[in-house]
Amino acid sequence: MTSLKELEACQQLLSTYPEPPQPRQPKKRVFKRVLTGAVGAGLLYIALALFVLPDLPFPGGGYDKLVGREQPATSWHEKRVPIEVLNEIMMATPDVEKIRESSYYYTQAPHLGGKNLTQMEWTRDLWESYGIKSEIVTYDMYANYPKGHRLGMVKASGELIYEAKLEEDVFKEDPTSSHPDKIPTFHGYSASGNVTAEFVYANYGTFADYADLQAAGIDFRGKIVLCRYGGIFRGLKVKRAEELGAIGVVLFTDPGDDNGITELAGYAAYPEGPARAPSSVQRGSVQYLSIQPGDPTTPGYASKPGAHRQDPQHFIPSIPSLPISYEAAIPILKQLNGHGPSAKKFERPQWQTGGLWHKGVDYSIGPAPGIQLNLYNEQEYVTTPFWNVIGKIPGYIKDETVILGNHHDAWIVGGAGDPNSGSAALNEVARSFGKMQEAGWKPARTIMLASWDGEEYGLLGSTEWVEDHAKELANGALAYLNVDVAATSFDFAAGANPLLDGLLHRATAKIVDPESASKGNISATVHDVWSKKIATLGSGSDYTAFQDFLGIPSIDMGFSDYSKTKTVYHYHSNYDSFAWMERFGDPGFRYHVAVAKIWGLIALELSESSVVPFSASNYASGLESYLHKIQSSLSSSADPGLTAALGNLQQTIDSFAAIAKDYDEKAARLAEALSRPQPLWHRILLWYKARKINTGYKLLDRAFCYDKGLDERGWFKHVVYAPGKWTGYAGDTFPGIVENIGDKDWEGARRWVGIVGDAINRAKKTLE
Ligand SMILES: *[C@@H]1O[C@H](CO)[C@@H](O)[C@H](O)[C@H]1NC(C)=O
Ligand SMILES: *[C@@H]1O[C@H](CO)[C@@H](O)[C@H](O)[C@H]1NC(C)=O
Ligand SMILES: *[C@@H]1O[C@H](CO)[C@@H](O)[C@H](O)[C@H]1NC(C)=O
């Protein structure tokens, strides 16, 4: 549908970008004028024709209203709220006290996935109170809840020599630690079981760690594996253990991974100081995140009530696992002292970073003959409702939607960092949008807000919603902006699709860095003090289904202790609490406020720019650097056919880069022309050109999706970005090529070079 109202909306949209006039080009002026005049008149005629044809594929919505007289048509002269005013509202609205209130509300009661509808209703009602139409969207998820656990150490005779404490200490300084409804320590999607066996230490439990141990003759069959957290997604540690025949896994947190902020180095432990509380436990999901996120019983389709359910065995472990603290792990590790090879013998530096030497642990691999662990894990598996809150501010342009999302569920009563620092920030973005609406704003493009449930189990709420709305989203989503943990310290960190890098740079440059300001430098922006490194997106948060399943360019961002100098973050522990946040994470909630502003500014630029502010050239540079990374990693023993194929791919990328550069330049010229006053017919012409450019940008990333998906993990459709198969969090680029090279499968690698080349050619067509 289209209508005069829409054209008028565009005209208003275009008039919000006053820029200094450019010198005119005198040459060919007359001819150009006549020609564009003719084209313009033709287009005006077409526009009028469209006005009487209801079903043409243009956005709008005004048509129905005009015809149905539901609402008086907006006047031609009604001004859109200028972007400068919107930005000012965005900068002025987010408020420390409001953020503190939200943060406090969420962190005073359990809100595990599928367990707290009240909090979702509260969020919905809050957004509604800001004038944002919001609803709760329910899916039925397969998930587990803890019933019982035990970890003991026994001699072959059956004599109990140690009973591990599976609870975190209570501190009077932190009320959350004594909450009556504390959530037990457990793993999402771990299998129930009661196993007793000898055990071995497998360092981080990475693929490489297991490989080193196999080479040293360690047999995992029938054993329990003890790994420390870190390096890779925890579920993949369990996956590899299971593949190698282990019957149970225990994961512990090693202070050697606390960046030197340790008691050993002289820091006091929480609650006195910033070092880790020795009893803190990292809960978390052991789903095989790099194989497929979402409800493991509904791969690739939405978990609606009555949906067909499949056996989840390929996506979650079938052996039990438990998380424990370092304090609880020490006696178990010490039993291995002197048994089996020592971690010191292995060459890779990752083996040398254990942090419990001073506690008498020598990091021997084991097993200790006759000493067994009894691991008992009882989980209740149910299929139960999970609730997303979805808010919507309809824009004039209906098929270019900007989505902002954060998850709401936490492993613990608190969750002040993960995820409710993000939830509190999102509520302030919502309030700012409410203020803009009060000032007469209607977004040019539709804006949606999402509070996801069940992210912690495996990105459940976002994945099922994306699968449910795949068609509309593939057609209409412009970008997805994720914030999971908004603030646990002072350093900005971001990952993004390269199309969107510029948005991050521009928004952070508008925000004063709170810490610099408190030290008296009010001219330092977040951008000034940011490392400016933008990571590629892997997985581990709710952007995954958007970016990797549908090819919707995404951003993920927040403030953390990136410089590793300030505080330990008690990730997924009871001590990720409101009390910890106030004293150590973000005292004063200043960085929560900064995230809200950056988030909102990016959303506004995406929503209000007449020409979509993407950089295709930056995408091309990204592709080039990913290719170079592969080429420089290839040894001379690599297959010559592959080397040649990569050379051809280089040419494909070069030609994409040339087209991308032209496209960006064309877009910039158009944006510039649209920023100047133009006669009506010329504006209509420019607007139709902008529509075309914008559609190309919108669909560009979709071109990188490959129907069949990655080998053995077909849910992941994007051929440029995926989580590493054996890392989970960290992003792989050109995963199909990289993984086959890793396996020395040259034919497979060549096949993937072909698939990537086809995708880049499709991307070129999008821009033609
Ligand atoms: C959900 O959260 C609210 C608000 O924090 C709390 O009052 C309520 O007890 C929680 N519900 C459950 C079932 O834990
Ligand atoms: C787990 O197995 C052990 C050893 O077989 C047994 O003694 C214990 O009772 C079992 N625990 C539970 C809760 O079934
Ligand atoms: C303030 O910070 C900016 C950015 O880091 C820096 O360039 C500038 O020199 C600082 N000014 C003062 C007075 O320290």
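For ligands, and for the atoms within them, numbers begin at 1 and follow the listed sequence. FYI, the numbering just counts along the sequence from 1.
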Which of the ligand 3 atoms, numbered from 1, are nearer than 4.0 Å to a heavy atom of Asp528: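 Ligand 3 atoms under the 4.0 Å threshold to Asp528: 4 (C), 5 (O).
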At under 4.0 Å between heavy atoms, which part of [X] makes contact with ligand 1: side chain, backbone, both or neither?
X	answer
His111	neither
Gln108	neither
Tyr105	both

Residue, atom name and distance, where the atom is the protein heavy atom closest to [atom]:
atom	value
atom 12 (C) of ligand 3	Asn521 ND2, 3.2 Å
atom 6 (C) of ligand 2	Asn194 ND2, 4.1 Å
atom 4 (C) of ligand 2	Thr196 OG1, 4.1 Å
atom 7 (O) of ligand 1	Ala109 CB, 4.5 Å

Trp387/His408 under ring pair (Phe, Tyr, Trp, His ring centres under 6.0 Å): CA gap, chis, key distance, verdict: CA-CA 10 Å; Trp387 309 281; His408 143 277; 8.7 Å; no
Polar contact flag for Lys115 and ligand 1 (N/O pairs, less than 3.5 Å):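 It does not: no N or O of Lys115 is found under 3.5 Å from an N or O of ligand 1.
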Test item: protein heavy atom less than 4.0 Å from atom 14 (O) of ligand 2: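 Protein heavy atoms within 4.0 Å of atom 14 (O) of ligand 2 - there is at least one.
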Non-hydrogen protein atom less than 4.0 angstrom from atom 9 (O) of ligand 3: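 False for atom 9 (O) of ligand 3.
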Test item: side-chain donor near acceptor, His570 and Gln282, under 3.5 Å: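 No, Gln282 and His570 have no side-chain donor paired with an acceptor closer than 3.5 Å.
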Short side-chain donor-acceptor distance under 3.5 Å, Asp561 and Thr567: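 Distance-only check fails for Thr567 and Asp561.
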Heavy-atom side-chain contact between Tyr569 and Tyr575 under 4.5 Å: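 In short, these two side chains do not touch, never coming nearer than 4.5 Å.
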Phe171 and Tyr270 aromatic ring geometry - parallel, tilted or perpendicular at 30°/60° bounds: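 Answer is perpendicular, since the angle exceeds 60°.
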Aromatic ring proximity Tyr105/Trp122, centre distance under 6.0 Å: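 Between Trp122 and Tyr105, which both carry aromatic rings, the centre distance is below 6.0 Å.
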Rounded distance [0.5 Å steps], CZ in Phe584 versus CD1 in Ile261: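 Separation between the atoms: 11.0 Å.
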